[in-house]
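Accompanying notes for the structure given below.
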There are 2 protein chains.
Amino acid sequence: MGNDKEKTGIRAVAKLSGVSTATVSRALNNPHSVSEELRARIQTIIDQTGYVPHGMARALSSNRTRTIGAIIPTIDNAMFARGISSLQNFLSSQGYMLILSTNGYDIDVELEQARNLISRGVDGLILRGDCHHQMLRDLLVSRDIPFINVGIYNPNQPHPSIGVDNEAAAHRAMMHLIEIGHRRIGVVSALQRNNDRASARLRGFRRALAENGMDLPPQWHVEVRYTLDDAREAARQIFSVEDVPTAIACGNDVLAYGVMLEAERRGLHVPSDLSVVGFDDLEWSRHLRPALTTLHVPTDLTWKGAGEYILARLEGHKVPNHYEVDYSLVIRESTAPR
Amino acid sequence: MGNDKEKTGIRAVAKLSGVSTATVSRALNNPHSVSEELRARIQTIIDQTGYVPHGMARALSSNRTRTIGAIIPTIDNAMFARGISSLQNFLSSQGYMLILSTNGYDIDVELEQARNLISRGVDGLILRGDCHHQMLRDLLVSRDIPFINVGIYNPNQPHPSIGVDNEAAAHRAMMHLIEIGHRRIGVVSALQRNNDRASARLRGFRRALAENGMDLPPQWHVEVRYTLDDAREAARQIFSVEDVPTAIACGNDVLAYGVMLEAERRGLHVPSDLSVVGFDDLEWSRHLRPALTTLHVPTDLTWKGAGEYILARLEGHKVPNHYEVDYSLVIRESTAPR
DNA sequence: ATGGGATATGTAACCGGTTACATCTTGATC
DNA sequence: GATCAAGATGTAACCGGTTACATATCCCAT
């Protein structure tokens with residue numbers, strides 16, 4: 001009797017419900033356009049047979065995958081984990097899926113990963129920071145794939161961005177140390193290579209110092225990767241010079257943790273001997289002892305906002321290209337007047 | 001002249017190189033089967049035109065996506081972040097991509113997410129623990145999709161698993177406290193609901209106590225979620241009873257951090273007043289002060305191993321179903337003889 | 001010279017959905 | 001009753017690759 005080519009998939013459902021494949025497809029994607037009765041009949045068959053639509057086929061013909069790609073430096077960092085988690089929840093709630101990819105701060109790898117994601121048909125792409133391969137931007141523009149740079153605020157750039165103004169925020173953090181009387185201030189910052197946020201923060205620190213007639217002597221400035229080990233090593237380096245600063249501004253909370261741990265090990269009491277200010281306000285920061293004074297950045301909102309932007313673009317809405325996220329200084333126990 | 005339907009995609013490349021689509025496809029997927037000369041000519045055209053294969057179309061016809069799905073409770077947890085990062089690196093190195101999904105410890109959500117992933121054509125699936133919806137297992141088996149439960153070792157179960165033997169490991173951790181003379185020992189463990197690992201660890205703790213003639217009075221046992229706040233609350237609860245234990249075993253390092261923080265705030269010195277042992281050995285644990293005595297679990301190896309298993313299955317190899325990962329007790333500064 | 005195996009390439013069906021277009025119904029309007 | 005718009009449903013082309021099968025070529029053994 002039956003054509004053995006129609007034992008599975010949408011054609012099987014169609015045959016069993018006595019309708020055409022078009023109707024089944026419509027019942028699934030645009031229920032309103034199918035009569036109540038048919039819709040119910042089709043749904044019954046679907047439940048009975050356990051039919052699951054073939055996403056690839058759907059993607060091929062509709063040219064939409066309901067999948068968003070994100071490329072971040074590394075997952076193994078509390079800050080990203082938080083943001084990704086938030087983004088993931090949001091996308092999921094909108095029926096989208098997130099594909100995650102990491103570049104290890106290498107823009108060539110990033111380009112490669114982006115090609116990969118595009119080939120897999122992501123509808124939109126979320127990138128970290130503003131430091132990308134030119135070919136990547138060209139690729140995205142030429143294929144008309146919406147994307148956004150997250151973690152920065154760059155209204156003058158042509159490319160969409162969402163995040164805090166890192167330079168201004170860093171300036172604010174440094175000003176706190178200056179306001180409470182510190183005059184000898186060191187900096188532990190992240191490596192600037194392919195990390196525009198790290199650079200912007202350093203610029204902010206420097207500007208605040210300069211505006212107040214101070215400078216940043218090389219022996220008080222160390223650049224390291226975002227790990228506790230490296231941060232401790234940086235602190236060791238700074239503490240080893242003759243003339244130790246009375247405060248240290250850090251480009252990131254993790255770096256601040258490292259500095260505080262190492263200070264404690266050296267017998268330097270925080271904050272009476274050394275004030276430390278961080279950046280990001282990870283969950284840990286308020287639990288530490290002393291609790292870390294830091295610049296709060298609403299990471300979850302930022303990433304969710306990035307998702308909202310992409311989805312809005314996909315739905316054809318005309319939306320602003322740049323979003324500034326508010327930061328705030330959270331003063332806890334790790335800073336004290338000189 | 002030209003058929004306007006062939007301005008793009010593989011047919012365009014074929015036309016420009018003067019060969020058939022089949023040859024282009026073969027040059028890409030099975031280079032060895034195409035003559036040196038043609039291969040070069042085709043590659044030139046590909047480079048010139050910037051052709052990127054359409055992954056969806058490829059997936060549809062080849063029925064392989066080179067994509068692996070993973071469902072974890074939450075990304076926002078250092079333990080998972082580490083494992084995912086490791087898995088991601090491995091898969092990426094093998095030309096596979098990872099799609100990540102979270103279930104928030106809810107097996108219905110997990111089933112839903114799994115359907116989603118399957119509909120997107122994942123070639124294999126990696127799940128956390130052994131606590132899943134029966135329909136999920138059925139679905140995977142009926143579709144012949146390789147999968148593995150990670151973070152547990154369960155040689156008696158029919159389903160593949162890789163991880164430490166949580167019960168034995170917890171037993172080991174508790175034995176350490178007993179060996180150094182503690183007789184009044186509390187436990188802060190994770191919620192057991194839909195978390196077989198938490199249960200196994202608790203069983204291990206209990207067995208060690210029982211074997212040594214002790215029990216776990218209710219007022220010394222608190223179950224909480226995996227957050228610092230909850231862990232501190234748990235510690236507060238235990239410290240509030242008349243008779244405070246001299247040691248606390250924790251189901252997880254994060255819980256141990258919370259207990260230590262709270263102890264310190266109460267003026268209890270660790271380890272002289274209170275010994276604390278953790279579980280997992282996150283990166284933080286060795287940096288804390290006092291550094292945390294904990295049960296080291298090689299998370300990165302475990303997840304990478306899960307990836308290796310799936311890929312081996314996909315390549316048709318016949319491989320063992322269960323892999324035990326070694327744990328080890330790392331004695332640092334947070335435990336001391338009574 | 002002939003047959004057979006190995007290698008290289010082309011033809012076109014196929015994967016499983018979506019959707020433009022055609023067809024048919026129904027109800028309202030004149 | 002005729003006309004027409006709106007709504008419901010069916011037909012089949014199409015998305016962009018892969019690959020089974022057919023065909024062509026070349027080399028070597030008989």
Side-chain angles (χ1 to χ4, degrees), chain A residues 3-43 45-46 49-67 115-116 118-121 123 143, chain B residues 3-42 45-46 49-67 115-116 118-123 143:
Chain A
N3 181 336
D4 59 331
K5 284 160 197 163
E6 309 195 342
K7 281 301 174 204
T8 182
I10 200 173
R11 290 178 233 258
V13 174
K15 175 156 285 185
L16 288 173
S17 353
V19 299
S20 71
T21 61
T23 304
V24 176
S25 176
R26 281 190 285 252
L28 254 40
N29 301 312
N30 194 7
H32 205 66
S33 73
V34 171
S35 73
E36 187 78 35
E37 185 223 336
L38 275 192
R39 213 188 315 163
R41 194 155 85 221
I42 292 170
Q43 190 56 53
I45 300 290
I46 288 181
T49 58
Y51 165 69
V52 178
H54 193 294
M56 300 300 113
R58 170 180 291 186
L60 180 57
S61 50
S62 69
N63 210 28
R64 283 285 292 281
T65 57
R66 293 188 79 82
T67 291
R115 284 220 179 89
N116 213 323
I118 290 170
S119 152
R120 280 177 158 79
D123 292 337
R143 303 209 163 217
Chain B
N3 183 334
D4 60 329
K5 285 160 195 165
E6 310 196 340
K7 281 301 174 205
T8 182
I10 200 174
R11 290 178 232 259
V13 175
K15 176 154 286 185
L16 287 173
S17 349
V19 299
S20 71
T21 62
T23 304
V24 176
S25 176
R26 280 190 285 253
L28 253 39
N29 301 312
N30 194 6
H32 204 66
S33 73
V34 170
S35 73
E36 187 77 35
E37 186 222 335
L38 276 192
R39 213 188 315 163
R41 194 155 85 219
I42 293 170
I45 300 291
I46 288 181
T49 58
Y51 165 69
V52 177
H54 192 294
M56 299 301 113
R58 169 181 291 187
L60 180 57
S61 50
S62 69
N63 211 28
R64 283 286 293 282
T65 57
R66 294 188 80 82
T67 291
R115 284 220 179 88
N116 213 321
I118 290 170
S119 150
R120 280 175 157 80
V122 293
D123 292 337
R143 302 211 163 215

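Proteins get letters first, then strands, A, B, ... in listed order; numbering begins at 1 in each. Please read all numbers here as calculations on a predicted model, not as lab measurements.
- One can place CZ of B:R39 at 14 Å from P of C:dT7, the figure rounded to the nearest angstrom.
- One finds no side-chain N or O of A:S61 lying less than 4.0 angstrom from the OP1 or OP2 phosphate oxygen of C:dT18.
- Rounded to whole Å, atom P of C:dT9 lies 15 Å from atom CG of B:L28.
- If you check C:dA8, C:dG10, C:dT18 against the side chain of A:I10, the one that comes closest is C:dT18.
- At a cut-off of 3.5 Å, with distance as the only test, no side-chain donor of B:R120 or B:T67 sits close to an acceptor on the other residue.
- Nucleic acid contact class of A:V34 (heavy atoms, under 4.0 Å, all strands): sugar-phosphate only.
- How far CZ of B:R64 is from CG of B:D123: 5.0 Å, rounded to the nearest 0.5 Å.
- Put simply, OG on A:S35 and CD1 on A:I42 are 8.0 Å apart, with the number rounded to the nearest 0.5 Å.
- In this structure, B:R26 atom CZ and C:dT7 atom C1' are separated by 11 Å, rounded to whole Å.
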Next on the checklist: Assess the residue pair A:Y51 and A:L28 against the criterion (side-chain contact (heavy atoms from CB on, under 4.5 Å)); give the C-alpha distance rounded to whole Å, side-chain angles, the decisive distance to 0.1 Å, and a yes or no.
Outcome noted: CA-CA 12 Å; A:Y51 165 69; A:L28 254 40; 3.9 Å; yes
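- The distance from atom CG of B:N30 to atom C1' of C:dA8 is 12 Å, rounded to the nearest whole Å.
- The side chain of B:T21 approaches D:dT18 more closely than any other nucleotide in the set D:dT11, C:dT18, D:dT18.
- Looking at heavy-atom distances under 4.0 Å, B:N29 makes contact with sugar-phosphate atoms alone, never a base.
- In terms of position along DNA chain D, the nucleotide closest to A:H32 lies nearer the 5' end than the nucleotide closest to the other residue of the pair A:A22 and A:H32.
- Atom CZ of A:R11 is separated from atom P of D:dT11 by 12 Å (rounded to the nearest Å).
- Comparing B:S20 and A:V52 by the nucleotide of DNA chain C whose heavy atom lies nearest to each, the residue mapping closer to the 5' end is B:S20.
- Remark: P of D:dG16 and CG of A:N63 are 7 Å apart, rounded to the nearest angstrom.
- In A:N63, the CG atom is not crowded: 12 or fewer heavy atoms of neighbouring residues, nucleotides or ligands sit closer than 6.0 Å.
- Going from atom CZ of B:R58 over to atom C1' of C:dC14 covers 17 Å, rounded to whole Å.
- Comparing D:dG10, C:dC15, C:dT18 by their nearest atom to the side chain of A:S62 picks out C:dT18.
- If you measure from atom NE2 of B:H54 to atom C1' of C:dC15, you get 14 Å, rounded to the nearest angstrom.
- Out of C:dG10, D:dT9, D:dG17, the shortest distance to the side chain of B:T23 is found at C:dG10.
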